[in-house]
Amino acid sequence: MTQTPNPGRKRRMDRYQEPQSGSVRTPYSRPADVSPVRQTRSPQARQPIGRSAELQARQDQMRQNTQYAPARRQTPAYSDFEQPGLTGGRAPYGNIRRKKKNPHTALWAAVALVCLMTSGVLLLFAAPQMLNISFDSMPSFAFVNGSLIQRDQRAIDAHAGLRQYLATDRIHNGIYIDGIHVGGMTRDEAVAAVSAVPGSAGGSFDIGVSVEGYMWSVNSNNVPLYRNVHEVVMQAYAVGRSTGTNVRSASQTPLSQRMSAVNAVLEQPIGFYTVTTYDREAVRIICAEIAGVINRDPVNASVASFDQATKKFTFNSDESGVYVDPDALYTQIVSRLDSGVYSDTIEVQPQVLLAAVTRAELMNSFGLVSSFTTKKTGNSNRTTNIALSADAINGTTVLPGETFSFNRATGERTEAKGYKPAAAIAGGETFDEIGGGVCQTSSTLFNAVVRADLEIASRKPHAWPSDYVPKGEDATVNWPNLDFKFTNNTDWPVFIVAWCDKSAKTVTVEIYGKSLANGVTIDLESEVVYKKDPPSETLYVYNPSLAYGTEEQTVKARTGYRVETYKVYLQNGQEVSRVLLHTSDYKMYQKTVEHNKPNVYGT
């Protein structure tokens, strides 16, 4: 099918055509006879898409050229540009270089053969070292630390014999222990041979210890002896078996060092000596046993008894103690043994320890510490209760650190014990109760205890102030919830003496023990810091259990107080200090009348 070249494509190709003679035109200049007016192509003039006749001719020329010379590169058949070989120039495939033969092939083969032979020789020399084999017909070499050395079978055999000689399990010749030649012996044989001969210490000693006429002996029978035979045999066995620590920098090999040591012993024998020692811990135990027998603590004088009737004390005598220092005794014994003194007697003078408290001191310091007395009413039942409670605490001994309890000392106050009904306080009201009045005994005891400088453990005030002691200086009790307690905070026992003088209407409590410091006494002072008066009007309370039309006063009007009580220390009657002992609160009570008069006071 015939194709018509595309006019637009033709114009593009014209840009690259050779200019005519005598004309100069740039690749992009337009011919003079070409109108700049854009041409309009008719649909009938459009050629099918394909190659032009000129391009087809060029491709045919290329096919003819490729029949005589192979193409060195592929050129696109569609190229619109001119090929240099097709426009009259030199054909691109006409001059082809052919590969020439290498003239040095024989030389390179000779070099390869020499290298192969050299490698074989080196392998032959290195085989003994690498494969651990040897050749009888030729010497063996090896590289050691960068040096080439030759294998010497005689030296190897000599080295093996030397190793076998030094590998023996016997002590080398020329070595003596305590004058006995142990060369050629095994270690066990050397131990047996040396042990059969007594050591230089003779194997016996006897040190006597005398204390206050008693004698003890520290000797080789009760102190085990020890002779260092095994240690010395190991020292002898080590000769010829040790080398220097820095093998690399040494001038000899480890094996030659060992052989040199063995040869030196053969030329100049050496001797070792055992030492007989003793068990030092056994000596220390014996010293502790001696001290345990001799040592005794001093015994302080003490109170033997107290006569309630005569109020006199009897005392146990004091005893001095003695002390032997076991460490000092141990030092004396071992210093003698270590210096070679195996027979001696040590005289030990024990230290005398005096008692901290002597009988004479107690006789001069024990006696009445404090006393307190209160006056009682004339109510016979109350007096009986006070007397019974005073008898219950009388003669009580309170040891150091012990706490005294009033309820524990008296027990529950019951009719079986003789206690009678008497006035007591509860809930702001006064009523009769079995044992009523014993609070006066506990309050009297409280005041005596405080003045003896003992520690108050538990104390409560009454509902309102009592009339037998100042405000803040009472101590109420009630079985079993309210109790008065104190603790003996001294180093000595204290004794309580209490009695009720019915004729004098008094109750007295005395505390006996070790007296306070010379001239020191203790007293109490109380101060009202708050006061509250009761209302002036009466409080009426309806009580239908009363007879109709009657009334009864149940609560008396009482003023409320807050009181601070101080413990005052006096020296020869002059105050030196005071401390707040406690604070007491007494409740205010309004006058109360119970009635059964609903028509008068209402309900």
Side-chain angles (χ1 to χ4, degrees), residues 300-318 357-376 386-387 389-406 409-410 440-457 459 468-470 473-475 484-525 567-577 581:
N300 294 329
S302 59
V303 177
S305 63
F306 177 73
D307 190 336
Q308 298 285 341
T310 62
K311 300 178 182 178
K312 299 293 183 181
F313 287 90
T314 58
F315 303 94
N316 296 318
S317 298
D318 57 283
V357 180
T358 63
R359 185 173 183 272
E361 291 174 341
L362 290 185
M363 292 178 65
N364 294 329
S365 61
F366 260 75
L368 178 64
V369 181
S370 65
S371 177
F372 196 79
T373 300
T374 57
K375 290 223 177 249
K376 62 182 183 63
I386 292 174
S389 59
D391 290 340
I393 65 174
N394 182 46
T396 302
T397 301
V398 184
L399 299 177
E402 185 179 358
T403 297
F404 170 88
S405 166
F406 186 88
T410 62
Q440 183 169 348
T441 305
S442 61
S443 297
T444 305
L445 174 62
F446 162 75
N447 279 268
V449 166
V450 170
R451 288 166 172 80
D453 204 20
L454 300 176
E455 180 183 347
I456 304 301
R459 171 261 172 193
Y468 48 82
V469 291
E473 300 177 20
D474 56 337
F484 168 65
K485 298 178 181 181
F486 73 90
T487 301
N488 180 5
N489 56 343
T490 71
D491 297 329
W492 305 96
V494 295
F495 302 89
I496 300 174
V497 177
W499 71 93
C500 178
D501 189 339
K502 295 181 179 181
S503 61
K505 298 181 180 180
T506 60
V507 56
T508 302
V509 177
E510 296 176 337
I511 303 296
Y512 287 84
K514 196 173 189 299
S515 302
L516 301 178
N518 188 24
V520 175
T521 57
I522 298 174
D523 202 357
L524 293 180
E525 288 188 9
K567 190 176 181 180
V568 182
Y569 290 85
L570 306 172
Q571 178 75 45
N572 298 324
Q574 298 296 321
E575 180 179 341
V576 292
S577 65
L581 181 62

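The first residue in the sequence is number 1, and the count goes up from there.
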N/O donor-acceptor pair under 3.5 Å between [X] side chain and [Y] backbone:
| X | Y | result |
| --- | --- | --- |
| T487 | A457 | no |
| E361 | T358 | yes |
| N364 | A360 | yes |
| N488 | E402 | no |
| S405 | K485 | no |
| D318 | N300 | no |
| E455 | T403 | no |

Residue pair [X] / [Y]: nearest heavy atoms and the distance that separates them:
| X | Y | result |
| --- | --- | --- |
| K375 | Q440 | O-NE2, 2.7 Å |
| P493 | F366 | O-CE2, 4.0 Å |
| F446 | A475 | CB-CB, 3.9 Å |
| S370 | A448 | OG-O, 2.6 Å |
| A390 | A498 | O-CB, 3.6 Å |

Would T410 and I393 satisfy side chain to side chain contact (heavy atoms under 4.5 Å, CB included), going step by step from the backbone distance to the final call?
CA-CA 7 Å; T410 62; I393 65 174; 4.1 Å; yes

Does K567 NZ have over 12 foreign heavy atoms under 6.0 Å away?
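Correct, the count exceeds 12.
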
Do you see a donor-acceptor pair shorter than 3.5 Å between the side chains of T506 and D501?
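Side-chain D/A pair, T506 to D501: absent.
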
Examine the side chains of D523 and Y569 and answer whether a donor and an acceptor come within less than 3.5 Å of each other.
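There is no such pair (donor and acceptor under 3.5 Å, judged by atom type) between the side chains of D523 and Y569.
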
Heavy-atom side-chain contact between [X] and [Y] under 4.5 Å:
| X | Y | answer |
| --- | --- | --- |
| V507 | T373 | no |
| N394 | I496 | no |
| V494 | T397 | no |
| L570 | V520 | no |

Return the [atom1] to [atom2] distance between [X] and [Y], rounded to the nearest 0.5 Å.
| X | Y | atom1 | atom2 | value |
| --- | --- | --- | --- | --- |
| N316 | S302 | CG | OG | 3.5 Å |
| L362 | T314 | CG | OG1 | 11.0 Å |
| S515 | D453 | OG | CG | 12.5 Å |
| K505 | K376 | NZ | NZ | 6.5 Å |
| R451 | N447 | CZ | CG | 4.5 Å |
| L581 | E473 | CG | CD | 9.0 Å |

Verdict with supporting geometry, V497 and V509, side chain to side chain contact (heavy atoms under 4.5 Å, CB included)
CA-CA 6 Å; V497 177; V509 177; over 6 Å; no

Quick one: are the ring centres of F495 and F313 less than 6.0 Å apart?
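F495 vs F313: aromatic centres under 6.0 Å.
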
Presence of salt bridge, R459 and D474, under 4.0 angstrom
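Result for this pair is yes, salt bridge flagged.
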
Should the pair K514-D491 be classified as a salt bridge under the 4.0 Å nitrogen-to-oxygen rule?
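Result for this pair is no, no salt bridge flagged.
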
Worked verdict on T490 versus L454 for side chain to side chain contact (heavy atoms under 4.5 Å, CB included)
CA-CA 8 Å; T490 71; L454 300 176; 4.0 Å; yes

For S443 and Y468: C-alpha separation, side-chain torsions, deciding distance, then whether side chain to side chain contact (heavy atoms under 4.5 Å, CB included) applies.
CA-CA 9 Å; S443 297; Y468 48 82; 3.8 Å; yes

Set of residues satisfying side-chain hydrogen bond (donor to acceptor under 3.5 Å, both in side chains) with respect to S371, sequence neighbours excluded:
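By the side-chain hydrogen bond (donor to acceptor under 3.5 Å, both in side chains) rule, S371 matches no residue at all.
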
Kindly determine whether E510 and Y512 satisfy side chain to side chain donor-acceptor pair (under 3.5 Å), including the steps that lead there.
CA-CA 6 Å; E510 296 176 337; Y512 287 84; 2.9 Å; yes

Against V449, only a single residue in F404, F372, F486 fulfils side chain to side chain contact (heavy atoms under 4.5 Å, CB included); can you say which?
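Checked F404, F372, F486 against V449; only one passes side chain to side chain contact (heavy atoms under 4.5 Å, CB included): F486.
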
